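Report on one structure; see the data block that follows.
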Amino acid sequence: MEQRNTVIHLEHVRKEFSVDNRFFSKGKRTVKAVNDLTLDIKKGEILGLVGESGSGKTTLARVILSLTKITGGSVLVDGVDIGKASKEEKKEFRRKVAVMFQDPASNLNPRETVESSIMRPLVLHGMPKKEARKKALETLRSVKMDERYLYSYPHQLSGGQLQRIAIARALAIDPQIMILDEPTSALDVSVQAQILNLLLDLQEQRNLTYLVITHDLNVIRYISDRVVVMYLGKMVEVGPTDVICTNPSHPYTKALMAASPILDPTLRGREKSIMKGDPGSLIHLPEGCHFHPRCPCAMALCAKEEPGCTALAEDHQVWCHLCK
Ligand code: SF4
């Protein structure tokens, strides 16, 4: 099996926020958005990150992008600890890691032409305008759009075209890692597959590393090599996409898969797993296993003791007492 280098290493990462608790008592409460998370992302892999709202997946992306300061632990990108990086290393980091947010229109300035939008990050990184203009055209072609779109404004483009421009803008700086936040959720179903296929082609051509954050498990099934499942700020299961999607081990992963509409007919007809209630609060985390108030398999032990990590295979880990 091919050994890939680690490009992102997260070591016991914690991210906590203080919030005012105005209604019931004075003082601040702590939200544990990401709680003691250790994970490696390998060069050239497509890693899917799934979980309900409040699972911590978007906060984790912000941590990797260095948009928010971590409370504990460390984040290393290509071996450089971004919390201790020099000015030069931070500049290099911004060139290496690109992000594409879910709403393509929000990635673009409505008053700027496509050309200006793609050129802007290049000029900010010090590229002369003439060169940046040439690069903008080259990048536009790589997302399968032609020259005439260079002078269009966002309002003149369809959702799919806007998403292609957003991809081109992220790609222009020649990043090694792309964080894709809900890359197709704002698009019509008919366009979603085109954008996913484009992302797969670009990943292969440029040996990019993707971190794909989504609630849409069909996107994960289609695009990812590996999946991380998060619940209330913690990882509950990590493994290859085919294992996680067809034979998950954690009751939460099973419930997520069962709740997702399945487009692939070969995967239909699986046993349904019923998940009770809403995700809990990140302020009042349940004792023991955080999932126990909703888990259909909970035992007495689950309310008392937090499960540790069990390796079911070299590349498949789960945090559940049932899997010991
Ligand atoms: Fe359910 Fe217990 Fe496993 Fe948590 S540890 S997922 S409550 S069985």
Side-chain angles (χ1 to χ4, degrees), residues 10-16 29-40 47-60 72-73 212-221 224 226-262 267 269-324:
L10 306 169
E11 182 82 32
H12 297 297
V13 169
R14 285 188 298 114
K15 176 62 197 174
E16 296 173 0
R29 291 290 175 98
T30 304
V31 175
K32 293 181 176 173
V34 176
N35 198 350
D36 194 16
L37 191 141
T38 295
L39 175 71
D40 280 346
L47 181 69
L49 192 53
V50 295
E52 295 163 289
S53 308
S55 60
K57 54 190 197 306
T58 301
T59 305
L60 186 62
V212 184
I213 300 164
T214 182
H215 67 279
D216 186 341
L217 294 168
N218 286 309
V219 169
I220 292 295
R221 286 182 191 106
S224 305
R226 202 158 64 100
V227 184
V228 172
V229 184
M230 287 186 72
Y231 186 76
L232 288 182
K234 286 197 163 247
M235 291 197 297
V236 296
E237 189 163 5
V238 184
T241 303
D242 54 342
V243 174
I244 298 290
C245 291
T246 57
N247 193 18
S249 295
H250 195 283
Y252 177 63
T253 317
K254 288 182 186 176
L256 271 187
M257 294 298 157
S260 144
I262 301 166
L267 299 177
R270 297 164 311 166
E271 191 188 346
K272 291 275 174 190
S273 171
I274 307 300
M275 186 156 49
K276 301 175 277 185
D278 297 322
S281 157
L282 285 164
I283 298 178
H284 304 288
L285 287 170
E287 290 288 312
C289 170
H290 296 344
F291 186 55
H292 86 261
R294 304 174 76 194
C295 180
C297 315
M299 309 168 281
L301 173 68
C302 304
K304 291 185 205 142
E305 200 177 294
E306 198 169 336
C309 176
T310 304
L312 299 178
E314 202 188 333
D315 55 357
H316 184 195
Q317 286 92 40
V318 63
W319 285 257
C320 172
H321 290 305
L322 283 177
C323 301
K324 278 179 188 166

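Please read all numbers here as calculations on a predicted model, not as lab measurements. These values consider heavy atoms only, across backbone and side chains, with no hydrogens, waters or symmetry-generated copies. Counting from 1, the numbers follow the sequence of the chain as shown. When a ligand or atom number is given, it counts from 1 through the structure's own listing order.
With hydrogens and angles disregarded, a donor-acceptor distance shorter than 3.5 Å links the side chain of His321 to the backbone of Glu305. Distance alone, capped at 3.5 Å, is enough to place a donor-acceptor pair between the Gln317 side chain and the Glu314 backbone.
Ring geometry for Phe291 against Tyr231 counts as perpendicular: the plane angle is over 60°, on a 0 to 90° scale with 30° as the lower cut.
In the model, His316 has a side-chain atom that pairs as donor or acceptor with a side-chain atom of Glu237 under 3.5 Å. Checked by atom type, the side-chain pair Tyr252/Glu52 shows a donor-acceptor distance below 3.5 Å.
Under the 4.5 Å side-chain criterion, counting only non-hydrogen atoms from C-beta, Val228 is not in contact with Ile244.
Protein atoms of type N/O/S that fall under 2.8 Å from atom 3 (Fe) of ligand 1 number 1 in this view.
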